[in-house]
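No hydrogens, no waters, no symmetry mates; every other heavy atom, side chains included, goes into these values.
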Amino acid sequence: MSLTKIFEQYPDRRYIMFGGKGGLGKTTFSAATSYYLAKKGKKVLVFSVDPQASLTDIFQKDIFGKGPTEIIPNLYAQEIDADKRVKAYQQEVRQKILDMYGMDKIPEEIESYIQAAAAEPAMEESAIFDEVVDIVVRGGYDYYIYDLVPLGHALYYLSMASVYDAWIDKITKLREQMREYDQVAAVMQREKELDEDAILNELLYIKERINKSSSILTDKAKTAFFFVLTAEDMIIKDTQKAAALFAKFDVPLSGYIINRVLPSELKSENIPEYLKNRFLMQEHYLEVIKNDFGNEILASVPEMERDVTGLPMIEKLAKAMFGDF
Amino acid sequence: MAEKEKKKGGFFQSVKEFVYGVAAHDSARFALKTRASMEHLFILITMGDMLGVPILPPYYSLRLLPYVVPQISTWKRRMLREKDLTDGLA
Amino acid sequence: MNQVVTSMYKYFHENPRLKYIFFGGKGGVGKTVMAGAAALWSAKQGRKTLLASTNPVHSLSNLFGQNVFGRPVVVCDEENCHAFEIDTRDTIERSKKEIREKINWFLKFADITTKAEDFIESATMNPAFEESAMFENMIDLMFKDEYDFYVFDTAPTANARRLLGMSKVYGLWVDKMLKSREEAKSLRELLSFSKKKEKDPLLDYLLNFKDRMAHAKELLTDDALTAFFFVTLPESLPIAVITRFINWFYEFGIPVGGVVVNGLIPKEQLCADSAEFVKNRVKMQEEHMEEIWKIFDDRVRAVVPLFDTEVKGPDMLNKMVDHLFVK
Amino acid sequence: MNAIYVLIIGLVVAVIGYRVYAKYIDSKVIQADPKRMTPAKMYMDGVEFMPTSRNILYGYQFKSIAGAGPIIGPIIAIQWGWLPAMVWILAGTFFIGWVHDYSSAMIAMRNDGASFGGLSHRLISPRARIILLSFIYFYLLLIVGAFGAVVVNTAVALKGAPMAWLFLTIAGVLAGQMIYRWKVDIIVTTVITVVIAMAGIFLGTLAPSNQILGDALSNSRWLWAIAAFVFCYFASVLPIWRFSLPINYVAAYIVFLGLFFGIIGIFITHPEFTLPAFTSFEIPIGPIWPIMFVTIACGAVSGWHSIVCSSGTARQLESEMDARPVGAGIMFLEMMLALFALIIAGTIYSSSSEYAAALVKGPGGVFAAGVGKFLNAVGLPLDYGKSYGSVMMIVLAITIMQLVVRFMRVATAELLSDISPIFKNVHVGTLVASALGMILVITGWWQYLWVLFGGANQLMASLALMLVSAWLISEGKPAAWAMIPMFFMFVTTIAALLYTSYNLLIVKVLGGALKGEALIGNTLMGLTGIFLVIAALILAIEGFKAFRRFRTMRGQAAPSGA
C-alpha cells in the first residue's frame, strides 16, 4: 500500500496526523501533504498545536497567531498563539458576565480572578487544546492536517481530552444530583416548570465539543495517523514504544513512513567515508523495519540534499512522498 | 364585587400558604438546602482557588464562572462564617 | 570569527561551581546524546553525577542499553555516572492525595456535610498534574543534593521552557493563591465571633510551596550553578527554533550556557568528484554555519561532527565526550 | 364560666398585645424599617439564609413552636385551678412571650443573622457561649425526657394509639419515597398518605394494643419507651428525607385537621368550666409560685422559641416588618392553643376527682378525651375522636423528640469530638442521647420531669432575654421591656429548679423513700436541675458584667459624641 493509495482509498479520512519522535520531519510531512492535497483541489487546513511551531519557518511566512492564512489557493496554515487565545477567552468570559447581568463593569473580585486565571499552570496548553477543538468543530475544510508536537507532548494532548472528559463527567454528576433536589422542592411547592440549569447545559456543551474532537482523533474512519521513523536503532525502538502508548488512547494507526532514506543511486557515486558507513547502517535497519512493521510501511522518503523550507522544496518533498501529481 | 372576589382569593391563598408553611415548608427547605450546599461544593471544586484552596481548576471551569457570579459573595461568606451548635438547631 | 572562542571545556573551567545543566533544542538534534556525554565527562572528572530524564517519553535506557527506569543506575561502568528515568506516577498520586486532604480539611472547616468524596476527585483532575509532577521530581532531586553534578535530559524545547519556567508560572500561581488565602483569612476573621486564631493548613501548604518554588527559582536562575545548553544542527528549522527560545530563556532569567552544533559533515571527507548530493548538503551546512556564527557568535561551545553511525552505548558516548569537551 | 368567654378574653388580649403593645415596641423602640435589608436577602445562600414569604413563615413558625408544650402545660397546671392558669397564659404571653419571640428574631436579624452561640460570645463573653452550649445540651435532654414520658404515657393509657402511630410511620416513610424518589404529585402523595394515617387511627379503635399484645405488654412502659427511641434513632441516623421530614409532613395534616375541627367543636358545644377556678396555693408538685409558672411554659413563654426564631425564622424573614406578625403574632396564636388545652382540661370532666384520676395516667389521656368530645360535636364517633386525640398527642411530642435527639447527636459530635473521635459517629451520638433520655423516661416521675423541662425552658427564655437586653443596652435603646421579664423569669425558674431539685435530692433520694430504678431517675433529674441552676447563675454573673460594660461604654461615648 502506498501513501497515495491510502488517500484515494479512504477519502473519508479527512483528519491527518503525523506522529513520531522529534526532528524526524513531521512538520515537513504535514506541510508537504497539505500542499499535495491543495494541489489536488481539496481545501486544506494545516495547523500547528506546538508552541514551538515551525510552519512559519517552513512556509517562510509569519502566520503565528494570525488565524488560518492562505499560503497557496486552497492551502491554509495556522499557528495557534496560546497567549492570544487565553486573552480572548478571558474577554469572552468577561463579556458573558456583562451580558448576563447587564453590568457596566466586572466586579473587582471577579475581574481579579479572571486575570489570575492566566497564571494557571496548564492554561496555555489547554488554550491550544481548546482552539483545536474549535477548529475541528467549526468545520469548513476538506482536510485537516495536525502538525503534532513531539511524541510525549502529543500523548499529553490526547490525555488532556480524557482528563477533561472525566472531569466534566464528575461535575456533571454533581449537577444532576443537585437537580434531583430541585425537583423535590418543585414537587413540594407544586411548581410545574423547573428552571433549566444553565451550568448543566454549559457542561453538556463543553462535553459535546470535546467528545466530538476527541472522537475524531480515535475514529479510524475519519482519521489517518502516520508514524514517521528513520532507519536508526534508537528511533525504531522509541517508535515501537510510542506506538504502544498511542494504542492506549485508541488512536488508529494507518501506517509508517520512513524518512531520510539515503538514495541508493548515491552508492555508486563517490561518497565520503561517513556516508558509506551510514549506508551500511541504513541497510541493516531498513531490514529490521521491514521485519518489524512489514506491510504497514507506506512510503520511504529520501533524504533531501537540503532542508525543506519554502514552497519549491515542499513541492519536491510532496512529490517524493506521493509521486508526481 | 370584583374586588371582593379578589380579596377572597387572597385569603384562600394565604391559608394555602399557611398550610404549606405548617406541613411542607421544612421539606422544601431541606431539599433546597441540600441543593445549595451541593452548589457550594460545586463552586469549591471548580473554583476553590478563589479562597486559596490549592486546587488547579481546569481551563473550562472559567467558562462556568459567569453562572456563579451572583453567588460568589454569599458562597465565600458561607464557607468562611464561623458556625457553632446553635446554628444547626432550627 | 567563525570558531569556538569559549569551548565547553573552558566554560566548565571558568564556571567551577556549575552543578545543574540542561540540554534543549528541537526534536532530533541529539539532546539526549549530548546530555549523556556531559554526564559521562563529569563523572570521569571524579564527580558523582546524575543524569535524569524528565522527558515524558524516556530514551536513556535505549541510549545506554540498560534499564534505568524508576531508579538511578550506574551506567557505562563508570561508578560516578548514574542515569535515571523518572517515574512520575507516584509523584502524581502523592500530590493528588495531598490536595484531597486539603480539600477535606476545608470541607470540614466550612461545615459542608454533603457527601463529597466522589467529587473531590474531580478537583485533582487537571492535565497540568503530569507536568508539574515532572517539575516536582526535578527539584526534589536538586534539593536532596545527593550528587555533585546533575544533567537533565529535558523534553523538546517548548516543554523545557515550560518545565523551567514552571518555577515562575507556579510562583505566580502560588502568589495569587496566597493572596486569595489571605483575603479569605481576613474575611473569616471578620465573620468570626470568637476571633480565635486558627491553624490554617492551607496557608502552610501554600507558604511551603512558595518557598520551594522560590528556592528552585533561585537555583535555576543562578548562572554560577545552572546552565542551559542549546543543541542545533546546521539546518534552518533547528536554528530558527533555538533562536526564538534563547530569547525566551533570557526573559525567564534562566542562564544560557551556550550553543552546541551537532552533525556537521567533516569537510575533509569531501573531494572534487564527490556525489552532487553530498556537495549540496555540505554547501547547505556551510550556509547555515555562517548563520550560526552570525547569530550565536561567541556563545557556540562546540561543533560536533556527524558520526558515521548513530550514537549509542558507552563506546560511542566516549567518542562523543572527546568531541564535546575538546580542550 | 363558659369556655367561649375564655376564648374571647384571649382574643381581646391578643389584639391589644399585638396591635398596641407589640406595635409600639416594633415601631418606636426597635424601629423596624421596611427598607433595611434583612440577612435573608443580603446573605441569601439557599442554605441558611433563604427569604420566604410572610404567609409561609406563619405556618413554619406555628409548626416549629407549637408542639406538645402549650397543650400539656395547661392540662397539668389546672391542678391549681383554671383561673391562675388562664391569667398566667394571658399575662405571660402579653408581657413576656411575644417580647421574647419577637426580640429573639430581631436581635438575630440586626446582627447579620448571627446565632445565639455567636451572639452570646460577642455580647456577653466567650465563657457565656460555652456555658450556653452545654446548658442547651441538658435542656435538650430534658425535652427528650419530658416528651418521651408523654409519648409513653399516651401509648399506655390509650390502647388505640400504638396502631395509629405505626400507621403514621408507614404513611410517612411512604410519603418520603413518593416525594423524594418517585416525585409523585404532592397532592396525590398527601391524600394517599393522610388517608393511610387516618385508617391507622380507625384500625387502632378496632384492634387496640391490649388485644394484640396482651395486657402485660401493652401496659409496659419499657416497650413504648423502646419504641419511641427506636423511632428517634431512625430519625437521627437515616437521611432526613427518608424518615423524619415526611413523617412530620403527614403528621402536620393530622394535627392541623384535629385542631381545626376541635376548635369548631368548642364553639358548637361552648361548654362550662366544671373544675374549680382555684384550688389551693400548693399541690403535690409544688406551690403556685414558682412551679405553675414553669409548668405552663410554651403557651406563656418558652425558650425553645428563641432558638427557632434566631437560627430559623430570622434567616428567612424578607422584611423587618414581618418580624412582628411572625414573631409576635404567632406567639399570640399559640396562646390561643394553650387556652384551647385549658378549656379541654377544665370542661370535660364532671369533677376534680375524675380529672385527677385521668391525669394520673398522663396528660395525653386528658387531651385525647377532650379532642374526642369536641370532634364528636362535629360528628365524629367518640371512640375514633379519642383515638385521634391520642395520636395527635403522640405526634406532637414525638416530632419534637426526634428532632431533639438529632440535635443532641450533632451536639455530642460538636462538644465531645475533641475528646474522642468516636463521638463523631452518628450512631454513638444518637445512642448516647437515647440512653440518657431513656433513663429519664423510665425512671423519672413524669410530672417532675415536666417541671424540670419547663424550668429549663423558661431559663432558656430568660437567657435569650438577657442577650436581647445586652443588645438593647449596647444600642442605647430602652431595655426595661425586655429586662423586667428577664428578671422575673430568671428568679422564678431558679426558684423552681432549686425547689424541684431539693425535693428530688434531699427529700426523696436522701429521705430514703425511693428504691431501685426510681432512685437513678430522680437523682439524675435532681442533679440536672442543680447543673442548670449553676450554669444559669454563671451566665447571670457574666450577663451583669456585660450590662455594666455596655452602660459605662455608652456613658463614656455620650459626652464625647456631644
**Student:** Heavy-atom distance under 4.5 Å to chain B: side chain of R406(D), backbone, both or neither?
**Tutor:**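 Neither part, no heavy atoms under 4.5 Å.
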
**Student:** Go through the atoms of F62(D) and report whether side chain, backbone, both or neither lie under 4.5 Å from a heavy atom of chain B.
**Tutor:**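 Just the side chain, heavy atoms under 4.5 Å.
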
**Student:** I want to check something: taking the side chain as every heavy atom from C-beta on, are R29(B) and Q316(D) in contact at a cut-off of under 4.5 Å?
**Tutor:**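 The answer is yes; the side chains approach within 4.5 Å.
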
**Student:** Does any part of the side chain of Y253(D), heavy atoms only, come nearer than 4.5 Å to the side chain of V22(B), both counted from C-beta?
**Tutor:**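 In short, these two side chains do not touch, never coming nearer than 4.5 Å.
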
**Student:** Check this for me, if you would: do K83(B) and E48(D) make a salt bridge, where the nitrogen-to-carboxylate-oxygen distance has to be below 4.0 angstrom?
**Tutor:**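 No, this pair does not count.
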
**Student:** Rounded to the nearest 0.5 Å, what's the gap from CG on L132(D) to OG1 on T86(B)? Could you check?
**Tutor:**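 Rounded to the nearest 0.5 Å, the CG-OG1 separation comes out at 7.0 Å.
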
**Student:** Side chain from CB out, backbone as N, CA, C, O: work out which of these in V19(B) comes under 4.5 Å of a heavy atom of chain D, or both, or neither.
**Tutor:**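 Only the side chain of V19(B) comes within 4.5 Å of chain D.
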
**Student:** Counting C-beta onward and ignoring hydrogens, is there a side-chain heavy-atom pair between D26(B) and Y60(D) closer than 4.5 Å?
**Tutor:**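 D26(B) vs Y60(D): side chains touch.
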
**Student:** Contact part of R54(D) toward chain B, heavy-atom cut-off under 4.5 Å: side chain, backbone, both or neither?
**Tutor:**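 Neither part.
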
**Student:** Kindly determine whether S14(B) and N55(D) satisfy side-chain contact (heavy atoms from CB on, under 4.5 Å), including the steps that lead there.
**Tutor:** CA-CA 6 Å; S14(B) 305; N55(D) 284 335; 3.4 Å; yes

**Student:** Is there a donor-acceptor contact under 3.5 Å linking the side chains of D45(D) and T74(B)?
**Tutor:**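 No, T74(B) and D45(D) have no side-chain donor paired with an acceptor closer than 3.5 Å.
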
**Student:** Of the backbone (N, CA, C, O) and the side chain (C-beta and beyond), which part of F49(D) lies under 4.5 Å from a heavy atom of chain B, both, or neither?
**Tutor:**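 The side chain, not the backbone.
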
**Student:** Side chains of S27(B) and Y180(D): closer than 4.5 Å at any heavy-atom pair?
**Tutor:**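 Answer yes - side chains close enough.
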
**Student:** Between T52(D) and chain B, with a heavy-atom cut-off of 4.5 Å, which part of the residue counts as in contact: side chain, backbone, both or neither?
**Tutor:**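 The answer is the side chain of T52(D).
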
**Student:** Between D84(B) and G118(D), what is the shortest heavy-atom contact and its length?
**Tutor:**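 Taking D84(B) first and G118(D) second, the nearest heavy atoms are OD2-N, 4.0 Å.
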
**Student:** Should the ring pair F18(B) and F256(D) be called parallel, tilted or perpendicular, given that the plane angle runs from 0 to 90° and is split at 30 and 60?
**Tutor:**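 Taking F256(D) first and then F18(B), their aromatic rings sit tilted (interplane angle of 30° to 60°).
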
**Student:** Under 4.5 Å from any heavy atom of chain D, what part of R81(B) do you find: side chain, backbone, both or neither?
**Tutor:**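 Only the side chain of R81(B) comes within 4.5 Å of chain D.
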
**Student:** How far does CG of L85(B) sit from CE of M408(D), to the nearest 0.5 angstrom?
**Tutor:**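 Spacing of CG (L85(B)) from CE (M408(D)) equals 11.0 Å.
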
**Student:** Using every non-hydrogen atom in the two residues, find where S37(B) and V47(D) come nearest and quote the distance to one decimal.
**Tutor:**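 Reported closest heavy-atom pair: N-CG2, 3.8 Å.
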
**Student:** Classify the side-chain pair H25(B)/Q61(D) by whether it contains a donor and acceptor separated by less than 3.5 Å.
**Tutor:**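 No, no side-chain donor-acceptor pair sits under 3.5 Å.
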
**Student:** Kindly check if the number of other-residue, nucleotide or ligand heavy atoms within 6.0 Å of NZ (K16(B)) is above 12?
**Tutor:**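 Atom NZ in K16(B) is not packed in, count stays at 12 or less.
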
**Student:** Around atom CE of M336(D), are there more than 12 heavy atoms of other residues, nucleotides or ligands at under 6.0 Å?
**Tutor:**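 Yes - once you tally the heavy atoms of other residues, nucleotides and ligands closer than 6.0 Å, there are more than 12.
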
**Student:** Report which part of S53(D) has an atom under 4.5 Å of a heavy atom belonging to chain B: side chain, backbone, both, or neither.
**Tutor:**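 S53(D) touches chain B through side-chain heavy atoms alone.
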
**Student:** Given side chains that start at C-beta, do those of D112(D) and R77(B) come closer than 4.5 Å, heavy atoms only?
**Tutor:**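 Yes. Closest side-chain heavy atoms under 4.5 Å.
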
